[in-house]
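Single-structure report; data block below.
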2 protein chains.
Amino acid sequence: MGNMTEQAADVLSRHCPSQGVLEMVTGKWSVLVLYALRAGTLRYSELEQAVDGISQKMLTQTLRDLERNGLVARTAYPVVPPRTEYRLTDLGASLEGIVTDLGRWAQNNMGAVLVARQDYDGRRGGQAQAR
Amino acid sequence: MGNMTEQAADVLSRHCPSQGVLEMVTGKWSVLVLYALRAGTLRYSELEQAVDGISQKMLTQTLRDLERNGLVARTAYPVVPPRTEYRLTDLGASLEGIVTDLGRWAQNNMGAVLVARQDYDGRRGGQAQAR
DNA sequence: CCGTATCCGCTGCGATACTG
DNA sequence: CAGTATCGCAGCGGATACGG
């Protein structure tokens, strides 16, 4: 099955629900939380440490979002002090490979990207360049 | 880049530049444009058609960003009417596999995600649910 | 310990109009 | 055809304070 010149029902199609699925990856923190959870089950506080720089608000919000999308399972133990654990669901685990590849790509190629940026900004002749 | 006192010098570390690299993927349109450009060299108007629903502003902005990051090459031919072509650089092409996997994952699993959302929202007992 | 609530600046993104 | 300019707003995301 080869020919894919017809790509009507594709991710690129506006009304395809897969767009909404991709929006899970957009957002500053989602990928990083998934990346951290590859290690296995983690408590809230452990995630907070693992994903360096994330605020409580964004950690909670990202986790709720991932939970809603069925990628992460939340288990709260009614003890004092509270204990809550998060782990990837099967669905979430099916993304592990991609998340890992993405992380590896980022680390392997950040150098090249940084150089490209300097090059691009440089060609612009030292004008004030935001971002 | 030298400072990696611990094994913790990976994507999850706050000061790791790979975070900035990951931000290329965040954003609603970047992945879709990359996805479209897997097909080969495309003109501006072809991209506009391919990535359904994107506005001129966001297409231009996304392309500039990808160009700045060294993932996309832009070639403008000084003819009338103007003709501008975009293609993946080698660096951009090195992301092809991941982008393809991501697209395939989205299409294969959007059903499961949709179900998970309904399930999650349903358990909340019909309360007003944003997003 | 694991959250929720609130205030608020910033910017991503869309809509629209204009140009070489 | 391939952009740029401008406006406007919703929502992301940070800081801080509070609650079970």
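So that the names make sense, note that chain A is the first sequence line, chain B the second, and so on, each numbered from 1.
- With a 6.0 Å radius and a threshold of 12 heavy atoms from other residues, nucleotides or ligands, B/Glu46 has its CD atom above the threshold.
- Distance from the side chain of A/Pro82 is smallest for C/dC1 among the nucleotides C/dC1, D/dC7, D/dG3.
- Considering only side-chain N and O atoms, B/Thr84 lies under 4.0 angstrom from the phosphate OP1 or OP2 of D/dG3.
- In this structure, CD of A/Gln56 is placed 10 Å from C1' of D/dT16, rounded to the nearest angstrom.
- When hydrophobic clusters are built by joining Ile, Leu, Val, Met, Phe, Trp and Tyr residues whose side-chain heavy atoms come closer than 4.5 Å, directly or via intermediates, A/Leu71 is grouped together with B/Met110.
- Considering only the side chain of A/Thr60, C/dT4 comes nearest among C/dT4, C/dC13, C/dC7.
- Whole-Å rounding puts the B/Arg14 CZ to D/dG13 C1' distance at 14 Å.
- Annotation: side chain of B/Leu37 is in contact with side chain of B/Val33 (closest heavy-atom distance under 4.5 Å).
- Distance A/Leu63 CG to D/dG13 P: 14 Å, rounded to the nearest Å.
- Nucleotide D/dC12 holds its P atom 16 Å from the CZ atom of A/Arg64, rounded to whole Å.
- A/Leu47 places a side-chain heavy atom less than 4.5 Å from the side chain of A/Tyr86.
- A donor-acceptor contact closer than 3.5 angstrom links the side chains of A/Thr100 and A/Arg38.
- A heavy atom closer than 4.0 Å to some atom of DNA chain D occurs in A/Gly27, A/Lys28, A/Trp29, these being the qualifying members of residues 27-47 of chain A.
- The NZ atom of B/Lys57 sits 15 Å away from the C1' atom of C/dC18 (whole-angstrom rounding).
- A straight line from CD of B/Gln19 to C1' of D/dG13 spans 14 Å, rounded to a whole angstrom.
- One can place CG of A/Leu22 at 13 Å from P of C/dC13, the figure rounded to the nearest angstrom.
- At the heavy-atom level, A/Tyr86 lies under 4.0 Å from the strands shown only through sugar-phosphate atoms.
- Counted within 6.0 Å of CD on B/Gln49, heavy atoms from surrounding residues, nucleotides or ligands total 12 or fewer; the atom is thus considered open.
- When the side chain to side chain donor-acceptor pair (under 3.5 Å) test is applied to B/Arg104, the partners found at least two apart in sequence or on another chain are B/Asp101.
- The interatomic distance linking A/Arg83 (CZ) with C/dG3 (P) rounds to 12 Å, in whole Å.
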